[in-house]
Number of protein chains: 2
Amino acid sequence: MRRRTEQPGLTLAERKRQLVRDELADAALRLLAKQGFEATTVDELAAAAGVSRRTFFRYFASKEDVVISSVVVVSEGILSEVQARPADEPPAVAIREAVKAVTVEDFAQDREKSVALIRHTQRVPALRARFAERLDLLRDDLALVLARRAGRDTPVPRDQFAAGLGLLAFAGAMQYWADTDGRADPAGVLDVAFEEAGQAFVV
Amino acid sequence: MRRRTEQPGLTLAERKRQLVRDELADAALRLLAKQGFEATTVDELAAAAGVSRRTFFRYFASKEDVVISSVVVVSEGILSEVQARPADEPPAVAIREAVKAVTVEDFAQDREKSVALIRHTQRVPALRARFAERLDLLRDDLALVLARRAGRDTPVPRDQFAAGLGLLAFAGAMQYWADTDGRADPAGVLDVAFEEAGQAFVV
DNA sequence: CCTTGTTTGGCACTCAGTGTCAATGATGGC
DNA sequence: GCCATCATTGACACTGAGTGCCAAACAAGG
């Protein structure tokens with residue numbers, strides 16, 4: 001049976017697993033920057049991390065997933081942040097502040113890497129597609145969270161649209177931020193993006 | 001050299017090509033309904049249309065494309081409709097009416113097939129992903145059209161958000177319409193969807 | 001030390017997607 | 001009617017993603 005042996009709440013095996021995952025993701029980013037996404041095979045990705053091809057697919061479901069995995073982490077962060085915010089806050093504010101909380105800490109960590117990642121996600125068609133897919137799935141989850149905040153157990157259209165527009169603002173802000181090479185203030189960019197998004201259909 | 005031999009503006013070769021395309025798409029829809037998307041191989045798709053596997057890929061770039069191709073047609077329709085509308089019309093109205101013009105005629109044509117197509121596009125993960133991808137690409141194009149309508153030659157964030165929100169409304173309306181088995185009035189559904197979308201960030 | 005459960009690598013396989021080439025079949029000029 | 005030309009097709013071979021399966025290596029606890 002699994003046994004807790006460490007304080008951080010993770011077993012040794014789990015931390016080892018995370019180590020391999022990180023190594024795989026890092027190696028992927030490196031190779032990607034050097035030779036491009038489609039020109040890099042899974043074999044190379046696995047070899048660069050000192051692991052077999054078969055093992056690669058035990059950590060990531062697809063080649064795109066190595067890159068997109070960090071987006072998944074951010075997604076989950078956004079979801080729980082929104083959940084944690086006061087229920088009487090308007091959806092736009094809740095989403096904006098949730099995104100702010102997650103990304104500001106995350107992007108400042110390693111700006112170069114974040115910028116590179118966003119760039120690839122925009123420019124490589126396969127990655128852009130996967131990103132769109134992830135945002136689409138996240139929209140559903142986010143709509144559900146918004147519904148629950150409002151006391152509903154199933155989302156109404158407005159929940160869907162609020163979630164969707166919030167994520168449009170999020171993606172737009174990320175893109176703009178990457179376009180400034182990460183020099184702009186993330187929080188400020190997000191404020192502007194959400195402000196603009198709110199005006200999208202206003203005459 | 002290519003010669004025009006018919007009035008409709010299409011050469012014989014082009015119409016033959018369209019015929020094969022349609023046959024392929026029809027066969028795909030049939031097989032899809034019977035055995036599901038992932039359980040159907042390209043070999044089967046090609047065989048069902050009486051064509052070789054290699055030829056299939058000369059008509060569609062991927063397995064998903066057979067299904068998504070009709071979305072591409074609608075996309076192009078929406079783009080040119082928006083372009084054709086008066087430039088002083090607010091973006092929300094222009095997009096709404098453009099979508100209305102394209103879908104109402106298109107969906108009424110073959111309601112059963114349209115509903116089935118939307119359902120598959122929602123339920124099959126691979127198709128849903130491709131749909132999200134297409135909407136994402138369409139958003140860029142639509143933003144550019146909106147920008148040009150307003151006298152800009154490159155989109156500002158608000159163009160992006162207006163395009164994005166409009167497509168959210170479009171997708172939401174399609175989904176709702178399919179959920180009513182195509183019994184609801186498409187134009188009415190679209191009006192409601194765009195109205196709701198406009199309220200997404202309103203307190 | 002032994003047992004039990006997990007991780008790993010190797011192998012084989014299916015299937016999507018692409019390049020190449022030779023055969024076929026229109027189409028247009030003569 | 002005949003020939004040169006260009007597009008379409010099918011066959012073959014190949015790469016690369018993703019999966020199932022099994023046996024070896026490796027922890028961990030009793």
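Every chain is numbered from 1 and lettered A, B, ... according to where its sequence line falls, protein lines coming before strand lines. Everything numeric here is computed off the predicted structure, so don't read it as measured data.
Here the P atom of nucleotide C/dT7 and the CZ atom of A/R21 are 14 Å apart, to the nearest Å. B/K63 places its NZ atom 8 Å from the P atom of C/dG17, with the value rounded to the nearest Å. Atom C1' of nucleotide D/dA17 and atom CZ of A/F56 are separated by 10 Å, given to the nearest angstrom. We find that CZ of B/R17 is positioned 11 Å from C1' of D/dT9, with the value rounded to whole Å. D/dC6 atom P lies 18 Å from atom NZ of B/K16, rounded to whole Å. Residue A/D65 contributes atom CG, which lies 13 Å from atom C1' of D/dA17 at whole-angstrom precision. Nucleotide D/dA7 holds its P atom 19 Å from the CZ atom of B/R15, rounded to whole Å.
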For nucleotides 10-13 of chain C, list the nitrogen or oxygen atoms of the protein found under 3.5 Å from its nitrogen or oxygen atoms, one pair per line.
none

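Considering B/R130, B/R128, B/R134 as possible partners of B/E64, the one that fulfils the salt bridge (Lys or Arg N to Asp or Glu O under 4.0 Å) test is B/R130.
Residues that satisfy the side chain to side chain donor-acceptor pair (under 3.5 Å) test with A/R139, not counting sequence neighbours, are A/D136, A/Q160. Not counting sequence neighbours, the partners of A/R53 by the salt bridge (Lys or Arg N to Asp or Glu O under 4.0 Å) test are A/D43. With sequence neighbours left out, the side chain to side chain donor-acceptor pair (under 3.5 Å) criterion links A/R152 to A/D159. When the salt bridge (Lys or Arg N to Asp or Glu O under 4.0 Å) test is applied to A/R149, no partner is found at least two apart in sequence or on another chain. Residues satisfying the side chain to side chain donor-acceptor pair (under 3.5 Å) criterion with B/T55, sequence neighbours excluded, are B/S52. Checked against side chain to side chain donor-acceptor pair (under 3.5 Å), B/R58 has no partners two or more places apart in sequence or in another chain.
Distance from the side chain of A/F57 is smallest for D/dT19 among the nucleotides C/dA16, D/dT19, C/dG9.
One end of the helix from C/dC1-D/dG30 to C/dC30-D/dG1 points its axis 10° away from the other end's axis, with each axis taken from 5 pairs and the angle rounded to 10°.
Defined by atom type and a distance below 3.5 Å, a donor-acceptor pair is missing between the side-chain atoms of A/T103 and A/D106.
For residues 30-45 of chain B, proximity to DNA chain C is found at B/T40, B/T41, B/V42, defined as any non-hydrogen atom under 4.0 angstrom from a strand atom.
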For residues 22-38 of chain A, dump all side-chain donor-acceptor pairs below 3.5 Å to protein atoms at least two apart in sequence or in another chain.
| residue | atom | partner | partner atom | Å |
| --- | --- | --- | --- | --- |
| A/D22 | OD1 | A/Q18 | NE2 | 3.2 |
| A/D26 | OD1 | A/K113 | NZ | 3.4 |
| A/Q35 | OE1 | A/T40 | OG1 | 3.1 |

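Residue A/T55 has no polar side-chain atom (N or O) positioned under 4.0 Å from OP1 or OP2 of C/dT8.
Counting any heavy atom pair closer than 4.0 Å across all strands shown, A/Y59 reaches sugar-phosphate atoms only and no base atom.
Pairs of residues two or more places apart, or lying in two chains, that qualify as salt bridge (charged side-chain N to carboxylate O under 4.0 Å, His left out) and include a residue from residues 89-104 of chain B are B/R85-B/E89, B/R96-B/D191, B/E97-B/K100, B/K100-B/D191. Sorted by first and then second residue, the pairs that involve residues 131-180 of chain B and meet ring pair (Phe, Tyr, Trp, His ring centres under 6.0 Å), not counting sequence neighbours, are B/F107-B/W177.
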